[in-house]
Amino acid sequence: MGPSSESRGRWPILEQWVETGKWKLNSSEVHFSILTMSLMATTTTSTAATANFWFSSPNRSQRKTLPIKQDGYFLFKPFSKIYLLSSNYTASTSLRASSTVLIKQDKINCNTEIVRLCELGDLKNAMNLLCDTPVSQIELKTFCVVLQLCAEQKSLKDGKKVHSMINLSGFVIDGILGTKLVFMYLHCGDLKQGRLIFDDMTKDKVFLWNLVMNEYAKIGNFKETLFLYRKMKEMEIEPDSYTFSCVFKCFAALGSLVQGQEAHGYLLKLGYGSHNTVGNSLIAFYSKCKKIQNARKVFDELVDRDVISWNSILNGYVSNDLAKEGLGIFSEMMAEGVNVDLATMVSVLPACAEMGNLLIGRSLHGYAVKSRHFSREITLENCLLDMYAKCGDLDSAVCVFGKTSKKSVVSWTSMITGFAREEKFDMAIGLFREMEVEGIKPDLFTITSILHTCARNGSVESGKDIHDYIVSNDLQTNLFVVNALVDMYAKCGNMTEARLIFNQMVERDSISWNTMIGGYSKNGLPNEAFDLFMKMQSQFDPNAVSFSCILPACSSLSALERGREIHAYVLRNGFITDRYVTNALVDMYAKCGELSVARFLFDRIPKKDLVSWTVMIAAYGMHGYGREAIAMFNEMREAEISPDAISFIAILYACSHSGLLDEGWRFFNIMRIECKIEPKLEHYACVVDLLSRGGRLTKAYKFIQAMPIHADSTVWGALLCGCRIHRNVELAEVVAEKVFELEPENTGYYVLLANIYAEAEKWEEVKRLRERIGRSGLRKSPGCSWIEIKNKFHVFVARDRSNPQYKKIESFLESVAMKMKEEGCLPKKRYALVNAGDTEKEDALCGHSEKLAMAFGILNLPPGKAVRVTKNLRVCGDCHEMAKFMSKMVGKEIVLRDSNRFHHFKNGRCSCRGYW
């Protein structure tokens, strides 16, 4: 059966259906099987009733009654409504409606199943089903649920697939769908794509802004967060408490105090001042901006403080170096009955470490052990390690370290720095090597800590090993590490290697320059320090540390004029309030002979620290004012400043150079018994020097033999100097052998013994000693003296004839010698140190470098200006006598600084009073 012949050709689609047993509608793409069509073809055509069987498009539901043709089919022109009627069907059924119901049911089932799989966390199967489902059947809710799961499982790949399907679906990316899509990208780490979607959306919800702003804050792009905050305000989107919590973190990180205070005012206007979340972020913001009083005010105004509030203000005090106040807050917290959490513990333990309060630290440790909340918390264990190490209880630190199951790099670094702090440098270096064996990779802080340890210990070989590690791990481009490496070589005295690394640095900061300048100053290379300081100024403005580093170079050279220029720069640029700079200025003036100016500056330091007092005590000592040094030491103790080991070196030195034997012994005993400071080699050397200068040579020798630690060349050398002063040749020979054994390459001690022999006129011994020096290949450091006039240094060596004014100098010295003889002051020929006649000895004495420098100063300086001469060795006795005579003869003050101390010659007297 088929269409009538007259209808053929008019309806090609239906003709095709009849011929092939299939038909399809253009609009719906719904296919019916041959079986369905066969059923329609085999039905009887006996009835002439109106057929009610109908089919309509999915978007329509109206019916039409159509007459039936003789062949059982009614054919019509296709349009939006197509009706198929069969005279053989007794029941009225809609095929189109049935198909629509089935499709709709499948659509509902697919969406429900995808949501169910997402709720189970089965992203893989949810994505498989999503991809198999036609895009047109996926609901908006389904896309949102899948995107949420992609975000939770951080599956960026699946998230991007969903994004592509959304684009095909025709859904507008905005509202809840846009928010979910942005959230997915941010949570999966693709901030760039998330921001692109965010920028194209209607951004009227504060939640969406908070989402993006928080993500920028997480990656440290605080400026972009604040840019969005300002944009948000421009669009009149009202921020909420979460917004303010985020932006205050950014203000704190950038140190934007003024902008933060403006935001504080804005949030008060909006009524968020009582919100704990906002209050806590405000406390943290003000604390990080060093406005702890503002932070405390916010804390006090919070009505319902939680543990975060207490932790914020506690951490604020501790991070602002107010450990005592921090412990006070902790006590209040305990009194209020607030439960302590991990953040509390890691905030209060550093306060205990800073205060050295081992008792509270131990109590907290006990609490942590008893509490189950802190079991095996690595952060807490590291804080305990640090606390015990900083409180000097290394045994407890080692115990905690041993019980730490999962030692992190922080754990190892805490122990290394703990050993270094207690000057157990070898153990610290050994622990670093053990750390490498255990496979723990050191971080930048570990590297810099171990380099600092090597620097303090002078362990240049271990430092070189760390240098090799830095190169092999490609860390030589890290500025932080390279600065520490330069510092290590500088403090170990290897300025050549330090300068090589410095020259190779791609990037330098002020720390790099200051480290090199300070290294040159401390290693006796003041000219190099000055050169580098001048080069630095072309790239960086000097800071307080720069002046603290360059001023010792002025001290080393006795460069008073340069020191004054730097002082003027300090005053002009407001650095005089920096205590480190002022301490360096006091030291510079003292070492350049201007003791009165040094005291003037010292008196104007508003809050003197231990360094300030120690510098002034040492200044009085080196100028021979022992009584004044003792008075200063006692004044320091009255000011409740506890002396340290260096302070005692300064006071012992002062007593030694002023002949205050009993006072020196008293301070030595105070150090050991009262202050519980274990004497070091420097202290023993000062005591030996004190006894030797006082003529107690035998007692000094016995003192060395009774020392609990082995004496070094400095201790024995002090006794050898005493032997020269008191001309004890026999003991000098015994002591010299000890010194030669300990320091065989130091020519200074050979020269000292030769001088002892020469002064005793034992010329054969002098000859043998000089031959011994020659065989050893040693060379004596030549004596030289210098004087600064009009910012220019004039250097002289013995019998130096190179100076253009030599003839005038020689003539002046001859006239001085003549007048000395006339007044009965005969030359001290034993200081000539040559085996020759009296005339030759006098000529030798006349040519000493310090005499040439003093004469040059007298001839070239204006009246009333002191002559300031520096010598690299100890001044000889004859030059000392001539300086006294010249000061009286010409009416000028002569300030002579030798390798031991200062000599102030005025009106024929010297400040040393014979103790030199």
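FYI, side chains are in, hydrogens and waters are out, and symmetry mates aren't considered; it's all heavy atoms of this structure.
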Across all chains, not counting sequence neighbours, the salt bridge (Lys or Arg N to Asp or Glu O under 4.0 Å) partners of Asp158 are none
By salt bridge (Lys or Arg N to Asp or Glu O under 4.0 Å), Lys180 pairs with (sequence neighbours left out) none
For residues 179-208, the ring-ring contact (aromatic ring centres under 6.0 Å, His included) pairs (sequence neighbours left out) are His163-Tyr185, Phe183-His187, Phe198-Trp209
Using modelled atom types and a 3.5 Å cut-off, is there a donor and acceptor pairing between side-chain atoms of Asn320 and backbone atoms of Ser287? yes
For residues 256-274, the side-chain hydrogen bond (donor to acceptor under 3.5 Å, both in side chains) pairs (sequence neighbours left out) are His264-Tyr286
What's the shortest heavy-atom distance between [X] and [Y], and which atoms?
X      : Y      : result
Thr404 : Ser411 : CG2-OG, 4.5 Å
Ala389 : Ala397 : N-CB, 4.1 Å
Pro239 : Met232 : CA-CE, 3.5 Å
Ser155 : Cys188 : N-SG, 3.7 Å

As a quick check of understanding, evaluate salt bridge (Lys or Arg N to Asp or Glu O under 4.0 Å) for Arg116 and Asp122, giving each step before the final call. CA-CA 9 Å; Arg116 188 186 71 81; Asp122 189 353; over 6 Å; no
Check the orientation of Phe285 and Phe248. Use parallel for under 30°, tilted for 30 to 60°, and perpendicular for over 60°. tilted
Those residues at least two apart in sequence (or on a different chain) that pass ring pair (Phe, Tyr, Trp, His ring centres under 6.0 Å) with Tyr229 are none
Residues passing the ring pair (Phe, Tyr, Trp, His ring centres under 6.0 Å) test with Phe401, sequence neighbours excluded, are Trp412
Residue set satisfying side-chain contact (heavy atoms from CB on, under 4.5 Å) with Asn214, at least two apart, ordered chain then number -> Asn210, Cys246
Taken in chain and number order and not counting sequence neighbours, the residues that satisfy side-chain contact (heavy atoms from CB on, under 4.5 Å) with Glu507 are Leu479
Would you mind listing every salt bridge (charged side-chain N to carboxylate O under 4.0 Å, His left out) that reaches into [range], with sequence neighbours excluded?
range            : value
residues 326-336 : Arg296-Glu332
residues 403-417 : none
residues 209-232 : Arg195-Glu224, Glu215-Lys218

>> Other residues, nucleotides and ligands only: do more than 12 of their heavy atoms fall within 6.0 Å of NZ on Lys249?
In response: no
CD of Glu234 to CG of Leu228, rounded to nearest 0.5 Å, is 11.0 Å
Output side-chain donor-acceptor pairs under 3.5 Å for residues 338-351, partner residues at least two apart or in another chain, one line each.
residue: Asp341; atom: OD1; partner: Asn311; partner atom: ND2; Å: 2.9
residue: Asp341; atom: OD1; partner: Ala343; partner atom: N; Å: 3.2
residue: Asp341; atom: OD1; partner: Thr344; partner atom: N; Å: 2.9
residue: Asp341; atom: OD1; partner: Thr344; partner atom: OG1; Å: 2.7
residue: Asp341; atom: OD2; partner: Asn311; partner atom: ND2; Å: 3.4
residue: Thr344; atom: OG1; partner: Asn311; partner atom: OD1; Å: 2.6
residue: Thr344; atom: OG1; partner: Asn311; partner atom: ND2; Å: 3.4
residue: Thr344; atom: OG1; partner: Asp341; partner atom: N; Å: 3.3
residue: Ser347; atom: OG; partner: Ala343; partner atom: O; Å: 3.0

